[in-house]
Amino acid sequence: MRRACLCVEYDGSRYHGWQFQHHSTSVQAVLQTSLGRVLDHPVEIVCAGRTDTGVHATGQIVHFDTDVERSDRGLTLGTNSYLPRDVSVRWSRWVDDGFHARFAAVERRYRYLILTSASRSALYADRAWVQPHELDRRAMQAAANALLGEHDFSSFRAAGCQAKHPVRLLKQLRVMQRGAWTIIDVAANAFLQHMVRNITGMLWHVGSGRRSAESVHELLVARDRTKAPVAAPAVGLYLTEVRYPGHFDLPQPDAEDDDLLPLEPLIPLRA
């Protein structure tokens, strides 16, 4: 029995999240079905982080075990030949048994996209949060800075979150602009349920002048989700990268990936 690792991207618009459900279509279900056809046996996969309904990914990592021999290229191309067009395997690698897509991860990165547009968008309705008014991105970054470091993120945790504790190490939280786009990049050792969307919702309120940047620190120390604004919608959220210790020797993102949007090349890369 050998362990395989895959990097998967998907448009989550028509899926009821990542996790397998008996009565709804999920990303996990279509990927397991496709792998089962390639390997000729049932496959159960484990992912780095379960995404919610409507959330997308450009760098979801999964693993599974099999006794069937396939080359990396053969496994990637074979699986893609059975997948729907909105799910794709980017690469595959054989790894040692000590690798675990979820528990071996040391960092996860997400990106949130907000498009400023006076009219609705036909192309990005399910791929970005479309808003009619400009945002004060400097105020948003000032608010974001208050969240960096290790904190109790109870104020940014979903009511139904099942994590054992609310403490997380937020390593990066950047608010950037590319033309009409506001891009929020966030990295942490792990995330609570809806944490990124809750943080984004708070930053949007700051950027639109509904709350002050200083109020973010007050909310953080309050440790009370009921005092926080509503979460940003799922449509603008992307799981972009999961990082692991170097000894697993997994492919690394290109050096320029940090400057790219996940919808490239539809969006101009640089203003």
Side-chain angles (χ1 to χ4, degrees), residues 1-21 25-52 54-111 127 187 189-191 237-258 260-265:
M1 192 73 70
R2 299 180 67 192
R3 179 156 294 182
C5 170
L6 307 179
C7 179
V8 186
E9 67 178 19
Y10 49 88
D11 180 335
S13 302
R14 72 181 186 97
Y15 297 98
H16 290 265
W18 165 267
Q19 191 171 13
F20 177 83
Q21 301 177 50
T25 305
S26 69
V27 181
Q28 182 181 11
V30 298
L31 183 55
Q32 288 184 166
T33 298
S34 300
L35 284 167
R37 296 181 69 178
V38 172
L39 301 171
D40 199 29
H41 69 77
V43 174
E44 184 173 352
I45 55 180
V46 177
C47 72
R50 293 176 293 182
T51 52
D52 294 328
V55 176
H56 319 290
T58 60
Q60 174 73 275
I61 302 296
V62 308
H63 82 256
F64 64 91
D65 296 328
T66 180
D67 56 7
V68 177
E69 294 291 332
R70 290 286 189 277
S71 67
D72 292 340
R73 177 178 171 80
L75 185 57
T76 299
L77 296 181
T79 306
N80 283 339
S81 70
Y82 292 113
L83 283 170
R85 62 185 301 174
D86 50 7
V87 181
S88 178
V89 175
R90 296 180 60 184
W91 52 256
S92 62
R93 293 290 186 276
W94 295 101
V95 292
D96 66 57
D97 293 343
F99 177 84
H100 192 286
R102 179 184 175 190
F103 297 127
V106 295
E107 182 176 292
R108 295 163 175 84
R109 290 175 172 262
Y110 284 85
R111 173 164 286 183
R127 298 178 179 179
N189 61 337
F191 289 92
L237 184 59
Y238 296 76
L239 173 59
T240 57
E241 185 183 352
V242 185
R243 295 187 175 182
Y244 297 90
H247 68 266
F248 289 119
D249 196 29
L250 298 180
Q252 298 299 309
D254 294 336
E256 295 184 355
D257 275 1
D258 197 44
L260 303 183
L261 296 173
L263 301 184
E264 175 267 331

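- A donor-acceptor contact shorter than 3.5 Å links the side chain of Q252 to the backbone of L250.
- Side-chain atoms of N80 come within 3.5 Å of backbone N or O of V89 as a donor-acceptor pair.
- Within 6.0 Å of CD on E44 lie no more than 12 heavy atoms contributed by other residues, nucleotides or ligands.
- Nearest heavy atoms, L239 versus G49: CD2-O, 4.3 Å.
- Remark: R50 engages no residue in a salt bridge (charged side-chain N to carboxylate O under 4.0 Å, His left out) (not counting sequence neighbours).
- For the pair Q19 and S26, the minimum side-chain heavy-atom distance is 4.5 Å or more.
- Within a 6.0 Å sphere centred on CG of D40, other residues, nucleotides and ligands contribute 12 heavy atoms or fewer.
- Residues A101 and C47 share a closest heavy-atom pair of CB-C, 3.9 Å.
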- [ ] Evaluate side chain to side chain contact (heavy atoms under 4.5 Å, CB included) for D96 paired with F248, printing each intermediate quantity in order.
- [x] CA-CA 8 Å; D96 66 57; F248 289 119; 3.8 Å; yes

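- Across L31, V38, T33, a single residue satisfies side chain to side chain contact (heavy atoms under 4.5 Å, CB included) together with L35, and that is L31.
- With hydrogens and angles disregarded, no donor-acceptor distance shorter than 3.5 Å links the side chain of Y238 to the backbone of G59.
- A side-chain donor-acceptor contact under 3.5 Å links T76 and S92.
- No side-chain heavy atom of D86 sits less than 4.5 Å from a side-chain heavy atom of S13.
- Ring orientation note: the planes of Y10 and W18 are tilted relative to one another, at an angle of 30° to 60°.
- Between L6 and L75, the closest side-chain pair of non-hydrogen atoms falls below 4.5 Å.
- Between R243 atom CZ and I61 atom CD1 the span is 12.0 Å, to the nearest 0.5 Å.
- Taking a 6.0 Å sphere around CZ of R93, one finds it holds more than 12 heavy atoms contributed by other residues, nucleotides or ligands.
- Formation of a donor-acceptor pair under 3.5 Å by the R108 side chain with backbone atoms of A48 is found in this model.
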- [ ] Go through the steps for Y110 and F191 under the test ring pair (Phe, Tyr, Trp, His ring centres under 6.0 Å), then give the verdict.
- [x] CA-CA 10 Å; Y110 284 85; F191 289 92; 5.2 Å; yes

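- Side-chain N or O atoms of T79 include none that pairs as donor or acceptor with a backbone N or O of S34 at under 3.5 Å.
- Residue F99 holds its CZ atom at 9.5 Å from NE2 of H247, rounded to the nearest 0.5 Å.
- Side-chain N or O atoms of H56 include one that pairs as donor or acceptor with a backbone N or O of G12 at under 3.5 Å.
- Within the 3.5 Å criterion, the main-chain N or O of P42 finds no donor-acceptor partner in the side chain of Q32.
- Among residue pairs with one or both ends in residues 63-85, those qualifying as ring-ring contact (aromatic ring centres under 6.0 Å, His included) are H63-H100; sequence neighbours excluded.
- A salt bridge (charged side-chain N to carboxylate O under 4.0 Å, His left out) check over residues 56-71, counting only residues at least two apart or in different chains, returns the pairs R2-E69, R3-D65.
- Here the closest non-hydrogen pair linking V62 and V8 is CG2-CG2, 4.3 Å.
- Side-chain contact between Y244 and C5: absent, with no pair of heavy atoms (C-beta onward) separated by less than 4.5 Å.
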